[in-house]
> 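Below you will find the structure I want to go over with you.
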Amino acid sequence: MKRNGETKRRRNVAEEAEPRGGGEDPAMWENLDRNFRQVQSVLDRNRSLIQQVNDNHHSRMADNMSKNVALIQELNGNITKVVSMYSDLNTNFSSAFHGGNNGHDGGSAGTRAN
């Protein structure tokens with residue numbers, strides 16, 4: 001579930017960052033938007049995992065507590081994935097604005113979100 005205004009904020013940031021020379025590149029923006037959606041998907045999953053961990057903890061049932069081990073391991077892996085995805089987004093965004101072509105190739109962030 002996205003927070004209200006999140007997409008609007010991303011677009012506003014994108015519009016402000018756009019070069020003044022009229023260098024619009026729809027493919028680059030579509031790629032960035034797709035990558036942000038992939039990041040958001042992992043963050044949404046993390047929110048769900050955290051809620052499950054909290055529910056299990058509050059239940060104080062041994063079986064539920066043991067389930068938290070796997071949930072926390074998944075959460076930890078997802079955090080690492082998000083850091084990597086943001087790094088890729090940064091690289092792709094910077095390259096696109098400095099004449100590179102990384103903003104068009106889908107980047108490795110697209111493959112890590114799956």
> Can you pull out every salt bridge (charged side-chain N to carboxylate O under 4.0 Å, His left out) where at least one residue sits in residues 89-98? Sequence neighbours excluded, please.
none
> Distance-only, no hydrogens or angles: does the S48 side chain make a donor-acceptor pair with backbone N or O of D44 under 3.5 Å?
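Absent.
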> Applying salt bridge (charged side-chain N to carboxylate O under 4.0 Å, His left out), name anything that partners E30, two or more places apart in sequence or on another chain.
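For E30 there are no salt bridge (charged side-chain N to carboxylate O under 4.0 Å, His left out) partners, ignoring immediate neighbours.
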> Out of curiosity, M85 CE to L43 CG, how far, rounded to the nearest 0.5 Å?
8.5 Å
> CZ/R45 to CG/N78 distance, rounded to the nearest 0.5 angstrom?
7.5 Å
> Measuring from S95:OG to M28:CE, what's the distance to the nearest 0.5 Å?
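Separation between the atoms: 11.0 Å.
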> Please report the interatomic distance CG(L89) to OG(S94), rounded to the nearest 0.5 Å.
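Going from the CG atom of L89 to the OG atom of S94 covers 10.5 Å.
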> Other than I50, what residues sit in its cluster of Ile, Leu, Val, Met, Phe, Trp and Tyr side chains whose heavy atoms are under 4.5 Å apart, directly or through others?
L49, V53, L71, I72, L75, I79
> Between R60 and M65, is any pair of side-chain heavy atoms under 4.5 Å apart?
no
> Does a donor on one side chain sit under 3.5 Å from an acceptor on the other, for N56 and Q52?
no
> Using side-chain heavy atoms (C-beta onward) and a distance below 4.5 Å, is D88 in contact with N35?
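Sidechains of N35 and D88: no contact.
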> Does Q38 reach the side chain of V42, with side-chain heavy atoms less than 4.5 Å apart?
no
> Below 4.5 Å, heavy atoms only, C-beta onward: do Y86 and V83 meet side chain to side chain?
no
> Has T91 got a side-chain atom pairing as donor or acceptor with S87's backbone, closer than 3.5 angstrom?
yes
> Has the side chain of S41 got a donor or acceptor atom that lies under 3.5 Å from a matching backbone atom of R37?
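Checked: no pair found.
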